[in-house]
Amino acid sequence: MKTIDELLSEGVSGKRVFVRADLNVPLDGTTITDDGRIRAVLPTVKALADAGARVIVASHLGRPKGAPDPAFSLAPAATRLGELLGTDVPFATDTVGESARSTVAALADGQVAVVENLRFNAGETSKDDAERGAFADQLAALADLYIGDGFGAVHRKHASVYDLPARLPHAAGYLIAKEVAVLKKLTEDLQRPYVVALGGAKVSDKLAVIDQLLGKADRILIGGGMAYTFLKAKGYEVGKSLLQEDQIPAVQEYLERAEKTGVELVVPVDALTATEFPDLKTKAPAHPTTVAADAIPADQMGLDIGPETCKLYASKLADAATVFWNGPMGVFEHPDYAEGTKAVAQALVESKGFTVVGGGDSAAAVRTLGFDETAFGHISTGGGASLEYLEGKTLPGLAALED
């Protein structure tokens, strides 16, 4: 995989460089609530601009239906990128139309522009190779070179991720190079004990990675909404908690495999429960009840791991040489249900091992809860991409950058 440094050494001054970034930031209206993904691509954009390239930054945001939708405009991300760069960043109001063409044509050496949401074009996400290819041809006409740096999208076979690199000389940006190096530490150069903490809502989203980790991890700690399917698989009553009944047989099989192979698969011993889901807008006090994990009342739902589980998980993480964490332990957006996620994050901060926060909601939680990002070994920008890499899948966006 060619690196951006190799491309820079060949000279990029005056060249139009298309940077496929991941600016898929969370928005509250037009206000960005977490700019981590924008900051993550800054080293690549700055290096290109400093070398005199005419930089075209492109990304998706959200899941528009292949047509323009103001709710998913990249305009706020373009504004924030300009603020972080300390310079004006022109914004094209389309992706490959007249605005994009004129905006790119007007770029001076060392200047950066952003084009509108790639997913406003149906060809970006099309499963039809010809339709995707036609859109990639239009994107290629805007640029001379391609840099892949949107790690959060490399598991997608999309036009700007998979088809476009085949049409232009290409290289990997600093972010992708860093993410791949970290993931290799979790797969090829592993230091033990290796402890994995998995949370999030659905166990079905994590089955494939659990399957792989049962052969690699020393301990797997389960939290979040997915924990209640594990508790049900052990024969416990889970009340109104989130439950995927169709996944119980698979979970039971994993519990049996873990026992046979000596992997510690640890589930909560207590939980914070309530009769209703909390109000995340007003953050009104929820007054949760702490109950044993095997005694959740029929009219209650589990919304966070309990205090004893917090202590247990901290102890299971204390001696780890390598930690991978993906998924919050509870509804961390509400202060009454944030303690489990805080406890895991704090355990990673205190760890002497190499700690990786696996993107998505985990990365958002770290920032939302006020942790110093530098206290972690690495905070990934791509939750889904990280998981699929650990599952052993070939990621289209990485394959496309290989020569």
Would you check, one step at a time, whether the test side-chain contact (heavy atoms from CB on, under 4.5 Å) holds for D336 with L272?
CA-CA 9 Å; D336 288 345; L272 297 187; over 6 Å; no
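- Within a 6.0 Å radius of CD in E237, other residues, nucleotides and ligands contribute more than 12 heavy atoms.
- Applying the 6.0 Å contact sphere to CZ of R63 captures no more than 12 heavy atoms from other residues, nucleotides or ligands.
- The aromatic rings of Y146 and F18 lie parallel to each other, with less than 30° between the two planes, well short of the 60° mark.
- With contacts defined as side-chain heavy-atom distances shorter than 4.5 Å, the pair L303/P288 does not qualify.
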Apply the test side-chain contact (heavy atoms from CB on, under 4.5 Å) to residues V251 and M226: give CA-CA distance (whole Å), side-chain angles for both, the deciding distance (0.1 Å), then the verdict.
CA-CA 10 Å; V251 169; M226 62 185 282; over 6 Å; no
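- A side-chain donor from one of S204 and Q244 sits under 3.5 Å from a side-chain acceptor of the other.
- Put simply, the side chain of Q252 gets close to the backbone of A233: a donor and an acceptor are under 3.5 Å apart.
- Taking 4.5 Å as the limit, some side-chain heavy atom of D144 sits within range of a side-chain heavy atom of R16.
- In this structure, the side chains of L168 and L145 stay at 4.5 Å or more apart for every pair of heavy atoms.
- With no hydrogens or angles considered, a side-chain donor-acceptor pair links N121 and T95 at under 3.5 Å.
- In this structure, D28 places its CG atom where only 12 or fewer heavy-atom neighbours from other residues, nucleotides or ligands lie under 6.0 Å away.
- Using a 4.0 Å cut-off between charged side-chain N and carboxylate O, K46 and D50 make no salt bridge.
- Taking 4.5 Å as the limit, every side-chain heavy atom of F371 sits out of range of all side-chain heavy atoms of L348.
- Residue E276 qualifies as open at atom CD: its count of foreign heavy atoms under 6.0 Å is 12 or below.
- Ion pairing of K184 with D189 is absent here, as no side-chain N (NZ or NE/NH1/NH2) approaches a carboxylate O to less than 4.0 Å.
- Residue E131 holds its CD atom at 8.0 Å from OG1 of T125, rounded to the nearest 0.5 Å.
- Within the 4.5 Å cutoff, no side-chain heavy atoms of D372 are placed close to those of V349.
- Between D270 and K311 there is no salt bridge, since none of the side-chain N atoms of the basic residue sits less than 4.0 Å from a carboxylate O of the acidic one.
- Rounding to the nearest 0.5 Å gives a distance of 10.0 Å between CG of L207 and CD of E253.
- Between the side chains of D5 and T3, no donor-acceptor pair of N or O atoms lies under 3.5 Å.
- E333 and T368 share no donor-acceptor pair across their side chains, judged by distance under 3.5 Å alone.
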What verdict does the salt bridge (charged side-chain N to carboxylate O under 4.0 Å, His left out) test give for E124 and R20, after you've listed the backbone C-alpha separation in whole Å, the side-chain angles of each residue and the deciding distance to 0.1 Å?
CA-CA 12 Å; E124 169 68 1; R20 200 334 179 160; 3.5 Å; yes
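- The shortest side-chain heavy-atom distance between F324 and L387 falls under the 4.5 Å cut-off.
- Between the side chain of T309 and the main chain of P268, no donor-acceptor pair closer than 3.5 Å is present.
- In terms of heavy-atom proximity, A345 sits nearest to F376 at O-CE2, 3.7 Å.
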Check the pair T103 / V115 against side-chain contact (heavy atoms from CB on, under 4.5 Å), numbers first and verdict last.
CA-CA 8 Å; T103 299; V115 296; over 6 Å; no
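- Considering OG1 of T273 and CG of D304, their distance stands at 11.0 Å, rounded to 0.5 Å.
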Audit row: K15, E10, salt bridge (charged side-chain N to carboxylate O under 4.0 Å, His left out) steps and yes/no
CA-CA 11 Å; K15 300 280 183 70; E10 295 167 4; over 6 Å; no
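- To the nearest 0.5 Å, atom CD1 of residue I32 and atom CD of residue E83 are 8.0 Å apart.
- Within a 6.0 Å radius of NZ in K185, other residues, nucleotides and ligands contribute 12 heavy atoms or fewer.
- Residues D218 and E264 form no side-chain contact, since every pair of their non-hydrogen atoms from C-beta on lies 4.5 Å or further apart.
- For the pair S380/V182, no side-chain contact is recorded, criterion being any heavy-atom separation below 4.5 Å from C-beta on.
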Set out, in order, the CA-CA distance, both residues' side-chain angles and the distance that settles side-chain contact (heavy atoms from CB on, under 4.5 Å) for L231 and D294, then state yes or no.
CA-CA 8 Å; L231 294 174; D294 61 355; over 6 Å; no
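- Between the side chain of R219 and the backbone N or O of P193, no donor-acceptor pair lies under 3.5 Å.
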